[in-house]
Amino acid sequence: MAELSLITPIEYLKGVGPQKADLLKKELMVFSIGDLLQCYPFRYIDRTKFHKVRELHADMIGAQVLGRLISLQEVGEKRGRRLVGQFRDETGMMELVWFQSLTWLKKTLQVGSAYIIYGKPSEFNGNISMTHPEMELYQQQAKKIGNQTMQPVYSSTEKLKKANLDSRGIQKLQETALMTVLKGVAETLPAYLMEKHQLISFQQALLGIHFPQNEQILKLAIRRLKFEELFFIQLKLLRNKQLNTQKYKGHRFDQVGEKFNRFFTERLPFPLTNAQKRVVKEIRLDCNTGAQMNRLVQGDVGSGKTVVALMSMLLAIDNGFQACMMAPTEILATQHYHGITSLLGEDICKVRLLTGSTPTKARRIIHQELEDGTLDILIGTHALIEDKVKFKNIGFVVIDEQHRFGVEQRAKLWRKNIIPPHMLVMTATPIPRTLAMTMYGDLDISIIDELPAGRKPIKTVHFFENQRLRVFGFMREEIAKGRQVYIVYPLIKESEKLDLLYLEAGLEGLMREFPLPDYRISIVHGKMPVKDKDFEMQRFIKGETQIMVATTVIEVGVNVPNASVMVIENSERFGLSQLHQLRGRVGRGAEQSFCILMSGDKLSKEGRTRLETMVRTNDGFEIAEVDLQLRGPGDISGTQQSGVLDMKIADLAKDQAILTEARQSVIQLFQEDPELGAPENRLLLNYIQKGQPSISWDKIS
Ligand code: ADP
Ligand code: MG
């Protein structure tokens, strides 16, 4: 038979028959020997540390004990049937208990022999016991590869365990696999890179991660494998970016002209923040390279993304192009339209709004003006992407709150000109750096990390239920000053009925405390028809009601500068980014704004951390970072589709330093050898030629 290698199907590995192979495929997605070797241990048992029986207590996560199995007995009947062993060292005695695989255990366990056992101690009536401990004959320990001191622990599943592939069983396979293929495993990184980044070889790393001789080797192995994983992800992403740049020619905006300048000198009512200036400049430079721009602008709510978008669009118009801006809802599009026309005035260029409710006649005029080029900027909803909407010469597209649109919708905007327009997507949900570099690694990213001067930071406080009367009192004071208040109830995924119950229960109390005719309340919830929702929102926006009660998360980006208080009920039920988004609904006017987090008395540790974080900081990037640390990348919106969860060893919540190092390394690589033609980069060239690069717009959720 041919020599085994990493790509050999797993069933050819000694000790794996067709049946086990089948299980490994189904349970662990292990198809080849290489896949198996990529199932890394999730922790290690320190084999140098032994405990005495007398030292064991129930708070220990796990303990290793050397002793003798002195008896083994089956007790109980039917479902209560179990195997009980007496285990003893020189300090005392404990019970070992098994509920499964009894027949096999009875056959293999040797009463009278010395064992090294590992398990979690539990305590009952002052007696210590272990359930399903790992058992290893003392004599066999000595024969292990390198006489290891750190024993790897692998994740397994119920089905695998039944087939003897528990952590121990998998460890045995790893051992066989390493002995069979390790010598032939090829290096994946060029030698000069390994030297530069001080990485051990791939072979050493594979051995080191499965059978570390000591902590030091383990650390080096982990570092090497993490670097490698992140490096190749970045290599692919940045290669994609390079290909897109080569493939899609872009319109050249080579002049800053009259309209841009007039707006800047005559109309702009405030000085730009440094962050806004920087981002406008990044966009300007990027639109003059001859390649198409794909840029993501991240900025916290209120950081002033709209002006940046407007100035970019003026740049396009000065260069003879049209521009458009798409928002996910009619309310948002309308707000953008009013915001932009009031900033811009009537005479600089022609701006129109197109939404689902634009009357047919007005719509026809808009279509006409777009085609003959008299309309410069079109703002709207999905209505913009209809086929009937044809531009004379679109050069710049802005998409607000991009995550609300699908791939196909964005692609349609690309196709509205022969050379695709420059694309600017904006999001108010800050993403931690490590996620951004991985999820959007092939886009250019601009960050507006500064709020306009003079903005009063929102004051956030946390109140328990028994302080509610104070909260009502405070609301009355604010309303008396002419302000408006939001009250938000959690959206309970499992049960829309429950949502409504929460809201209705709260509402009853509210109506008593805030009776007509002095107070008027708008109500918005998920069960309402869109028309009624819009009507209620409009009443609040116009100031006809003072209190807005909502279950559905209030429209992203809705701007009611007069609203100064956000009360979030059952705030412990919200995720951090959601809390931050909600808080961003206030603090938009000149007045001091407040966010009040209401919660029950009982808080989980995580819930407490979330609320404390909200009280401590207003910085969306800091909040996103805490969120990532608390929940891991899996729960951050957008990660599911992005593939960042498929990582074998790197962890975006922890590995920022290695990720940055890997990305820098790839950037430098492409600077020095853009086509990877140098002989020393042969390995890397091979790697990217295997994969089919594609732009990652579809990964943006
Ligand atoms: P967001 O980034 O959330 O979309 P907006 O663009 O809606 O923020 O801006 C929020 C508010 O701040 C708007 O009223 C806008 O006019 C104002 N604004 C934007 N930039 C500045 C600035 N540099 N100085 C003062 N106010 C600003
Ligand atoms: Mg906005």
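Start at 1 and go down the list; that is how both ligands and their atoms are numbered. If you read the sequence from its start, that first residue is 1, and numbering goes on from there.
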statement: A student checking ligand 1 against T306 at a 4.0 Å heavy-atom cut-off should list atoms 4 (O), 5 (P), 6 (O), 7 (O)
query: Are F321 and F391 an aromatic pair by the rule of ring centers under 6.0 Å?
result: no
field: Per-atom contacts, ligand 1 versus V301 - under 4.0 Å to a heavy atom
entry: 3 (O)
message: Looking at R295 and D286, is there a salt bridge between them, counting it only when a charged N and a carboxylate O are closer than 4.0 Å?
response: yes
message: Show me which atoms of ligand 1 lie under 4.0 Å from any heavy atom of R588.
response: 3 (O)
message: Quick check on contacts: which atoms of ligand 1 are under 4.0 angstrom from a heavy atom of P271?
response: 22 (C), 23 (N), 24 (N)
Side-chain donor-acceptor pair present, Q292, N294, cut-off under 3.5 Å: yes
- request: Report yes if G304 has an N/O atom closer than 3.5 Å to an N/O atom of ligand 1; otherwise report no.
  value: yes
query: ligand 1 and G302, any nitrogen or oxygen pair closer than 3.5 angstrom?
result: yes
field: Proximity of H422 and F253 rings by center, below 6.0 Å
entry: yes
- line: If we number the atoms of ligand 1 from 1 as shown, the ones under 4.0 Å from a heavy atom of T273 are 23 (N)
- prompt: Does the ring of F514 carry R476 above it, NZ/CZ under 6.0 angstrom from centre and within 45° of its axis?
  reply: yes
statement: For D300, the atoms of ligand 1 under 4.0 Å from one of its heavy atoms are 2 (O)
Closest candidate by heavy atom, reference atom 1 (P) of ligand 1, pool M426, Q298, K305: K305
query: Can you name the residues that form a ring pair (Phe, Tyr, Trp, His ring centres under 6.0 Å) with F621, not counting sequence neighbours?
result: none
- request: Identify, with sequence neighbours excluded, every residue that meets side chain to side chain donor-acceptor pair (under 3.5 Å) alongside R520.
  value: none
